[in-house]
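Structure, as structure tokens:
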Amino acid sequence: MGFSDPFRLDGKRLFITGGSRGLGREMALAIAAAGADVCLVARPSESLQATADDIRALGRNAWTIEADVGDPAACEAACKQALHQIGPFDILINNVGGRRVNIPTEDMPLEQWHELMDLNLTSTFLCSKIIGGAMIEHGSGGRIINVASINAMVAGRGIAGRHYETAKAGVLQLSRSLAVDWAPHGITVNAICPGIFLTEPNKVWSQKNPEIIEGLVQNIPQGRLGEPKDIGPLAVYLASDSANYMTGASLVIDGGYTCL
């Protein structure tokens, strides 16, 4: 008697925002390696095409859509384009986001607050509404994975820009609420809460603020920052049938930082 691999994703299709680099790239590659075809949505860059080529090298189909999903109109257009050109998706990863600015709350312009909330929260809402809505209409269930942050639960130390904590906390509650609403449709909705990972933006930031990084590492029981590749297997699990009874969960992956 043979046994099927419970983590295989053959025949599935993934729609992922911010999929060209960093955590998004690693999750896209891991899910492609498990058998899924991938639609990458990101701002125009050489890394977008490079990631698509790496997915194709795994024997999977890869599509690219150039869009800044922090712009609500562009986000909505990208989702509709993907559905029109490719069809319904089985897996949605809302990955795009970032702190981007280190501005104290008392100094932050309202316009910038709105822009960053759109990047980190509105994009998750719109992609869930449109791509997740198509899952409901298609009637075959689905998996939605929202990338939040440990800063949804604890404030970042030594840095301002509290729009990020606020938006990511919203991502967690949106995930829980959709998990309840869409469970009857066979759609699971879970959140990943990464700690500090050595993504390209964080490498640049750490070079400018080495003392902050050193302080953070001292508070990580594993004694290191996360590597982007560490997140891929978790995304595969949440996208697979192995996680079919897990929904509304917030999974922390931070080397133990939030345990202290």
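Note that the numbering runs from 1 along the sequence shown for the chain.
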Checklist line | Residue pair Val101 / Leu116, side-chain heavy-atom distance below 4.5 Å | finding: yes

Next item on the list: Nearest 0.5 Å please: distance from the CG atom of Leu121 over to the CD atom of Gln173.
Entry: 11.5 Å

Notebook entry, point to check: Would a 4.5 Å heavy-atom cut-off, applied to side chains only, mark Ser123 and Asp118 as touching?
Noted result: no

Note to self: Salt bridge or not between Asp90 and Arg13? Use side-chain N to carboxylate O under 4.0 Å.
What the structure shows: no

Notebook entry, point to check: Between the side chains of Thr247 and Asn190, is a donor N or O closer than 3.5 angstrom to an acceptor N or O?
Noted result: no

Next item on the list: Heavy atoms only: give me the nearest Ala78-Val41 pair and the separation to one decimal.
Entry: CB-CG1, 4.2 Å

Check: Glu227: what forms a salt bridge (Lys or Arg N to Asp or Glu O under 4.0 Å) with it, not counting sequence neighbours?
Finding: none

Notebook entry, point to check: Between Val217 and Gly223, which heavy-atom pair has the shortest distance, and what is it?
Noted result: CG1-O, 3.6 Å

Margin query: Suppose we screen for side chain to side chain contact (heavy atoms under 4.5 Å, CB included). Which residues come up paired with Ala239, at least two apart in sequence or across chains?
Written below: Leu9, Ile31, Ile91, Ile145

Notebook entry, point to check: How many angstroms lie between OH in Tyr164 and CG in Leu119, if you round to the nearest 0.5 Å?
Noted result: 9.5 Å

Margin query: Hydrogens and angles aside, do Asn151 and Arg99 bring a side-chain donor and acceptor to less than 3.5 Å of each other?
Written below: yes

Note to self: Just verifying a value: how many Å separate Asp53 CG and Ser47 OG, rounded to the nearest 0.5 Å?
What the structure shows: 11.5 Å

Notebook entry, point to check: Taking the side chain as C-beta and beyond, is there a heavy-atom pair between Leu40 and Ile55 under 4.5 Å?
Noted result: yes

Item checked: Under 3.5 Å donor-acceptor, Asn120 side chain and Met117 backbone -> no

Checklist line | ring-ring contact (aromatic ring centres under 6.0 Å, His included) contacts in which one or both residues fall within residues 13-38, not counting sequence neighbours | finding: Phe15-Phe89

Item checked: Stepwise salt bridge (Lys or Arg N to Asp or Glu O under 4.0 Å) check, Arg43 with Asp71 -> CA-CA 11 Å; Arg43 291 179 294 179; Asp71 175 346; over 6 Å; no

Notebook entry, point to check: Taking atom CE of Met246 and atom CG of Leu238, what is their separation to the nearest 0.5 Å?
Noted result: 6.5 Å

Margin query: Just by distance, no angles: are the side chains of Ser175 and Asn146 close enough, under 3.5 Å, to form a donor-acceptor pair?
Written below: yes

Next item on the list: Taking His163 for its side chain and Gly161 for its backbone only, find out whether a donor-acceptor pair lies under 3.5 Å.
Entry: yes

Note to self: Could you see if Val147 belongs to whatever hydrophobic cluster contains Leu48? Use Ile, Leu, Val, Met, Phe, Trp, Tyr and a side-chain cutoff under 4.5 Å.
What the structure shows: yes

Next item on the list: Look at the side-chain heavy atoms of Ile, Leu, Val, Met, Phe, Trp and Tyr, link any pair under 4.5 Å apart, and say whether Val236 and Leu92 land in one connected group.
Entry: no

Notebook entry, point to check: Do Asp254 side-chain atoms and Thr258 backbone N/O form a donor-acceptor pair below 3.5 Å?
Noted result: yes

Next item on the list: Give the intermediate values and the outcome of side-chain contact (heavy atoms from CB on, under 4.5 Å) for residues Ile65 and Trp63.
Entry: CA-CA 7 Å; Ile65 295 177; Trp63 304 274; 5.8 Å; no

Item checked: Geometric class of the Tyr237/Phe7 ring pair [parallel <30°, tilted 30-60°, perpendicular >60°] -> tilted

Note to self: Less than 4.5 Å apart, side chain to side chain, heavy atoms only: is that true for Asn61 and Arg56?
What the structure shows: no

Item checked: Residue pair Ser240 / Arg143: nearest heavy atoms and the distance that separates them -> O-NE, 3.3 Å

Item checked: Cluster check Ile159, Ile220: I/L/V/M/F/W/Y, side chain < 4.5 angstrom -> yes

Notebook entry, point to check: Can you tell if the side chain of Cys193 reaches within under 4.5 Å of the side chain of Ser149, non-hydrogen atoms only?
Noted result: no

Next item on the list: Return the minimal non-hydrogen interatomic distance between Ala160 and Asn102, and the atom names on each side.
Entry: N-OD1, 2.6 Å

Margin query: Please determine whether residues Val171 and Leu234 belong to a single hydrophobic cluster, defined as Ile, Leu, Val, Met, Phe, Trp and Tyr linked transitively by side-chain heavy-atom distances below 4.5 Å.
Written below: no

Give every donor-acceptor pair under 3.5 Å between a side-chain atom in residues 16-29 and any protein atom, sequence neighbours left out.
| residue | atom | partner | partner atom | Å |
| --- | --- | --- | --- | --- |
| Thr17 | OG1 | Asn95 | N | 3.0 |
| Thr17 | OG1 | Val96 | N | 3.1 |
| Arg25 | NH1 | Thr51 | OG1 | 3.1 |
| Arg25 | NH1 | Asp54 | OD2 | 3.0 |
| Arg25 | NH2 | Asp54 | OD2 | 2.8 |

Check: Nearest 0.5 Å, what's the CG-CG distance between Asp37 and Asp10?
Finding: 9.5 Å

Note to self: Can you tell me if Glu211 has over 12 outside heavy atoms packed within less than 6.0 Å of its CD?
What the structure shows: yes

Next item on the list: Specify the closest pair of heavy atoms between Cys127 and Cys75, including all atoms of both residues, with the distance to one decimal.
Entry: SG-SG, 3.6 Å

Note to self: Let's go through Arg157 and Tyr257 carefully: what are the C-alpha distance in whole Å and the side-chain angles of both, what is the deciding distance for side-chain contact (heavy atoms from CB on, under 4.5 Å) to 0.1 Å, and is it a yes or a no?
What the structure shows: CA-CA 12 Å; Arg157 304 175 191 177; Tyr257 179 82; 2.9 Å; yes

Margin query: Could you check whether any side-chain heavy atom of Val189 comes within less than 4.5 Å of a side-chain heavy atom of Arg176, counting everything from C-beta outward?
Written below: no

Note to self: Once side-chain hydrogen bond (donor to acceptor under 3.5 Å, both in side chains) is applied, do any residues pair with Ser242, and if so which ones, sequence neighbours excluded?
What the structure shows: none

Note to self: Assigning hydrophobic clusters by single linkage (Ile, Leu, Val, Met, Phe, Trp, Tyr; side-chain heavy-atom cutoff under 4.5 Å), is Leu178 placed with Ile136?
What the structure shows: yes

Note to self: One pair to check against side-chain contact (heavy atoms from CB on, under 4.5 Å): Val204 and Glu200. What are the steps and the verdict?
What the structure shows: CA-CA 6 Å; Val204 173; Glu200 289 302 322; 5.7 Å; no

Notebook entry, point to check: So how far is it from Met108 CE to Glu115 CD, rounded to the nearest 0.5 Å?
Noted result: 10.0 Å

Next item on the list: Identify the heavy atoms of Arg162 and Trp113 that sit nearest to each other, and give their distance.
Entry: C-CZ3, 4.3 Å

Margin query: Run the side-chain contact (heavy atoms from CB on, under 4.5 Å) test on Asn94 and Ser128 for me, step by step, so that the C-alpha distance in whole Å, both residues' side-chain angles and the decisive distance to 0.1 Å come before the verdict.
Written below: CA-CA 8 Å; Asn94 288 304; Ser128 298; 3.3 Å; yes

Notebook entry, point to check: Quick check: does any side chain N or O of Arg60 sit under 3.5 Å from a backbone N or O of Gly35, one acting as donor and the other as acceptor?
Noted result: yes

Check: What residues, two or more places apart in sequence or in another chain, satisfy salt bridge (Lys or Arg N to Asp or Glu O under 4.0 Å) together with Arg100?
Finding: none

